[in-house]
Amino acid sequence: MMPPRSRQPAQLKFSPHRVLGRAAAMRAVLFWAVALLPALTGLVAAQATLRFDDSGALRIVQLADVHVGEGAADAHTVQLVRRVLAAERPGLAVLSGDMVSGFAFPAGDVAGRLGRLFDRGSSTHLTASWYERQWRRLVAPLHAAGVPYAAILGNHDGEADLGRRGVTELASAVGGSLSLTLPGPEGLPGGGNYWIDVLEPQGEAVAARIWMVDSGNRGCGQLAWGWGCVPVDTVEWVRQQAALLPRVPSLAFVHIPLPQHMLAWERGPVNGTKGEMVGCPGMDTGFFELAREVGITAVYSGHDHNNDFAGTVHGVRLAYGRKSGFGSYGPAGRLQHGARVIELRQGEDPAGSPTWIRQEDGSQQFQAAGPEDRPFRQHTCNLDASGCDNSLGPRACLALRSARNAATLLAVLAGLAVAATTTSLAAFVLARRVQQHLRRQRGWQQVKSSEKPLGPAAV
Ligand SMILES: *[C@@H]1O[C@H](CO)[C@@H](O)[C@H](O)[C@H]1NC(C)=O
């Protein structure tokens, strides 16, 4: 017989173990141990899941370099996102980094800048931070359309009042079940390395996997210059996780292109446009090799706003998105703002997924093969983030940079010299004025004293 329900709380309050019984208490301890163990060991990270639709497809919209936060351009960007979502009705939107123009963060917000130093995440902020306000503006159309979305960090996302960790925590916290972004895992540099399992239309079997990988900001490993990369530790983490998971067709998103994106343009068939040098990192940390090893056969990036090409190297598709945002530069030439759409199909190799660009005027652009004659040839990644033309070679870029630094130093010294000269000149002139003034005053007093007898009598 069960005791009356109303008596349970009082009993629980005084002696939970007696009420639960030893077996139940053990079960509770076991339950929590099993639940917490993976999180504690870090072996199996938390993950998000999606599902192929009944036709076995998952339509992904890649919103690349959205760059909100620059004011007037934002309304156009939000409008474009709304349009693309309405036209494509995707099952997933991927925000592939540089969601917010961190460089547009108001310079006067000292408190925000200090807050970033500690990178404590959004939850500790009493009022919505600047970054958070931009973020909410950007995800509003995704929420309105009910589209699940997942984000990775770009090089500009950690430049405002949230650090890289703070941004991923914010992205994970806002949006409820629609946000698939995950911060962490602990111990890896940056934030937001995770995967999304895509389940079969019915049932629980995993049919495909999407890796979301943080490619950093500037510099790579020991290399202080050039663009960010997927760190060696992250490559190793993906390798370990993939070994524990069922092997299924997989693709990946990174913000900064791989060195193999550059190679894709140099050789073999390619579709789309190259309007600037590929800003890949100065070191190959092995992500491409890992991709081939674990069955990731498509890697999509953002970062270079004037590039939108897709090519193939050793059976792996290496593609850019299309620049989506109206902030920052690009896309150049005749390219419209837009978004790459990827139709992932169950049981098919992601290297061959149908893909097209949904453009700002509403049109759907299939990228034709070519061009035959390829502009912007390059053989090393565009290492100099300050814009050195890499066709000159990295050594020339370094020399140029040294020359520029020397010129800057000379300019500063010259400025100081001019300032010093001006100051001493001004001091000299001022001293003379004071001297003249004093002399004149003394003269006047002398005159006054010599005129004294005449003074009052003359009135
Ligand atoms: C490249 O162009 C060819 C021919 O026009 C087309 O069949 C193929 O699907 C295109 N590939 C991509 C990735 O756009």
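One-based numbering, in listed order, for ligands and for the atoms of each. All of these numbers come straight from a predicted model, not from anything done at the bench. All residue numbers in this chain count up from 1 along the given sequence.
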Ligand 1 to Q367, heavy atom cutoff 4.0 Å, flagged ligand atoms 1 (C), 2 (O), 10 (C), 14 (O)
Side-chain H-bond candidate by donor/acceptor type, D197 with T49, under 3.5 Å: no
Please check if the distance between the ring centroids of H305 and H67 is under 6.0 Å. yes
Among all the protein's heavy atoms, is there at least one whose distance to atom 14 (O) of ligand 1 comes out below 4.0 Å? yes
Kindly confirm or rule out an N or O of T355 lying under 3.5 angstrom from an N or O of ligand 1. no
Keeping R82 on the side-chain end and L142 on the backbone end, is there a donor-acceptor pair under 3.5 Å? no
Among protein heavy atoms, which lies nearest atom 10 (C) of ligand 1, and at what distance? N271 ND2, 2.4 Å
Would you mind checking which non-hydrogen protein atom is closest to atom 4 (C) of ligand 1, with the distance to 0.1 Å? A369 CB, 4.1 Å
Checking P269 now: which residues fulfil side chain to side chain contact (heavy atoms under 4.5 Å, CB included) with it, not counting sequence neighbours? none
Side-chain donor-acceptor pairs under 3.5 Å in residues 288-296, sequence neighbours left out?
unit_1 : atom_1 : unit_2 : atom_2 : d
E293   : OE1    : R239   : NE     : 3.4
E293   : OE1    : R239   : NH2    : 3.1
E293   : OE2    : R239   : NE     : 2.9

